Number of protein chains: 2
Amino acid sequence: MSSPQPDTRNRILKAALELLEGNPHKETRMSDIAKRAGISRQAVYLHFTNRADLLIAATVYLDEITEVDAQLAQSRSAKTGPERLDAFIEAWGAHIPRIYGVAQALLAMKDTDEAAGLAWNNRMQAVRHGCAAAVAALERDHLLAADHSAKQATDILWTLLSVRNWEQLTGDCDWSQTDYIEQIKALARRVLLTAPPNG
Amino acid sequence: MSSPQPDTRNRILKAALELLEGNPHKETRMSDIAKRAGISRQAVYLHFTNRADLLIAATVYLDEITEVDAQLAQSRSAKTGPERLDAFIEAWGAHIPRIYGVAQALLAMKDTDEAAGLAWNNRMQAVRHGCAAAVAALERDHLLAADHSAKQATDILWTLLSVRNWEQLTGDCDWSQTDYIEQIKALARRVLLTAPPNG
DNA sequence: ATGTCAATTGACATGATGTCAAGTGCGTGC
DNA sequence: GCACGCACTTGACATCATGTCAATTGACAT
């Protein structure tokens with residue numbers, strides 16, 4: 001563990017994440033990242049072929065160190081459908097602020113860089129699966145509101161939980177993170193459940 | 001009215017809108033717009049100082065020719081709160097696909113160009129006012145769900161009606177435009193109204 | 001004729017990405 | 001000790017879009 005050399009790659013990823021989290025709305029350039037990582041701009045290209053490549057790697061790296069998948073999977077342990085729904089919203093909702101910086105950067109490239117778009121869609125499909133699983137749990141408990149098919153319910157939940165919505169609510173609308181979680185949970189129950197949940 | 005010269009400006013705007021509507025996800029360059037308008041790239045700068053400037057003007061132009069404000073204002077004529085809510089969602093929901101191309105372009109600049117961001121926020125504030133008015137109408141009729149303050153209800157409705165959500169539902173989720181309108185209306189009623197609306 | 005004004009052409013600066021070539025410094029194997 | 005590979009550096013360069021500037025053209029108006 002005497003750090004031979006290739007932790008540079010990780011240094012770059014960390015630098016990128018720090019910058020992106022620092023000010024998600026400012027364009028973070030390759031040279032900024034390099035500077036922060038303490039290497040030359042060109043050296044970054046020894047580790048990543050692209051800006052997109054780097055950003056994607058950063059997302060993966062972030063997912064790894066925050067263990068999202070584990071967090072999200074944990075919501076599977078909930079007994080009832082509604083509990084599972086809540087657990088999923090809490091897990092994902094708590095994760096959004098952590099990934100927001102990178103997400104923002106990746107989303108900005110989506111239209112110009114195909115690979116970035118695919119990578120982002122991949123991540124979002126994972127979230128969608130979580131939504132679908134929560135909906136399935138509701139359906140199993142015969143608690144899914146009759147006016148939606150499972151697909152529709154999944155679409156709605158998935159859309160509700162989008163990063164952009166989080167951005168708008170916590171940003172433009174000044175909601176706190178806890179407000180966000182609570183409100184979205186209430187909203188989801190209200191929209192997806194067939195009976196009044198707790199009142 | 002023998003068209004002295006300055007319909008060029010409008011030609012540019014039309015060209016920009018056509019290109020943006022044609023393929024909203026491809027970057028539309030100044031030279032593309034110029035070519036389509038039948039003038040030189042540099043000539044565009046005789047009419048607009050910026051790409052942002054042009055895009056903003058295009059939004060305004062589009063708003064004018066589609067008469068959104070009139071459409072949205074029309075929802076004021078609805079008698080009951082719920083009718084007003086429906087009318088507003090229909091009007092705005094029908095408008096989104098028309099503005100989607102430009103909106104996309106403007107949103108993409110939001111982070112790099114301050115003026116573009118402001119212009120977009122302005123438009124969105126107008127929508128927000130519509131949301132607030134609909135919520136106020138519900139409140140007046142004592143039909144606003146007790147679990148939300150007027151502000152929260154407005155925030156939710158406004159977020160629900162975002163261009164990004166429309167994009168996700170009609171794009172990624174393959175909803176038809178009519179599905180979109182109907183589902184969102186149902187959703188909004190379910191979330192905002194205090195009593196079951198029609199069943 | 002003359003002036004104005006829209007538009008044209010061509011050249012150029014800027015700023016970011018990405019590539020390439022030559023060089024430096026360090027550790028390892030022989 | 002020496003040579004080699006390897007990560008990295010420096011500097012130059014291509015590309016591409018935006019935006020600017022200067023000189024020119026062509027039409028229309030007085």
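Given the structure is predicted, the values throughout are model-derived calculations rather than measurements. Chain letters run A, B, ... following the sequence lines, proteins first and then strands; every chain starts at 1.
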Check: On a plain distance test, is the side chain of Q42(B) in donor-acceptor contact with the base of dG19(D) below 3.5 Å?
Finding: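 Counting by modelled atom types and ignoring angles, no donor-acceptor contact under 3.5 Å is found here.
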Note to self: Check this for me: does the side-chain of R41(B) come within 3.5 Å of the base of dG10(C) through a donor and an acceptor?
What the structure shows: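 Donor-acceptor pair under 3.5 Å: no.
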Grab the [atom1]-[atom2] distance between [X] and [N] for me, whole Å please.
X       : N       : atom1 : atom2 : value
D113(B) : dA17(D) : CG    : P     : 19 Å
M30(B)  : dT8(C)  : CE    : P     : 14 Å
E27(B)  : dT17(C) : CD    : P     : 15 Å
Y45(A)  : dC13(D) : OH    : P     : 19 Å
I12(A)  : dT9(D)  : CD1   : C1'   : 14 Å
D32(B)  : dA17(D) : CG    : P     : 8 Å
L46(B)  : dC21(D) : CG    : C1'   : 12 Å
I39(A)  : dG25(C) : CD1   : P     : 18 Å

Notebook entry, point to check: Which residue, L46(A), I39(A), D7(A), L17(A), forms the side-chain contact (heavy atoms from CB on, under 4.5 Å) with I12(A)?
Noted result: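 Answer to the side-chain contact (heavy atoms from CB on, under 4.5 Å) test with I12(A) among L46(A), I39(A), D7(A), L17(A): I39(A).
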Notebook entry, point to check: Thinking salt bridges, do D147(A) and R190(B) make one under a 4.0 Å N-O criterion?
Noted result: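 A salt bridge links D147(A) with R190(B).
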Notebook entry, point to check: Any salt bridge between D63(A) and R123(A), counting N to O under 4.0 Å?
Noted result: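 Salt bridge present between D63(A) and R123(A).
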Notebook entry, point to check: With respect to the side chain of A43(B), which nucleotide from dG18(C), dA7(C), dT10(D) is positioned closest?
Noted result: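 Closest of the options to the side chain of A43(B): dA7(C).
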Next item on the list: Determine which nucleotide pairs with dT30(D), using a 3.5 Å limit on both distances of a Watson-Crick or G-U wobble pair.
Entry: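 With both distances under 3.5 Å, dT30(D) matches dA1(C).
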Distance below 4.0 Å between [X] side-chain N/O and [N] OP1 or OP2:
X      : N       : answer
N50(A) : dG18(C) : yes
T8(A)  : dC8(D)  : yes
H47(A) : dA7(D)  : no

Item checked: Residue closer to the 5' end of DNA chain C, T49(A) versus R29(A) (nearest nucleotide) ->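 Nearer the 5' end of the strand: R29(A).
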Note to self: Determine whether a donor-acceptor pair (N or O, by modelled atom type, separation under 3.5 Å) exists between the side chain of N23(A) and the backbone of H25(A).
What the structure shows: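 Answer holds: no.
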Next item on the list: Would you confirm whether D179(B), through its side chain, and W175(B), through its main-chain N or O, come within 3.5 Å as a donor-acceptor pair?
Entry: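 Pair absent, no side-chain N/O of D179(B) close to backbone of W175(B).
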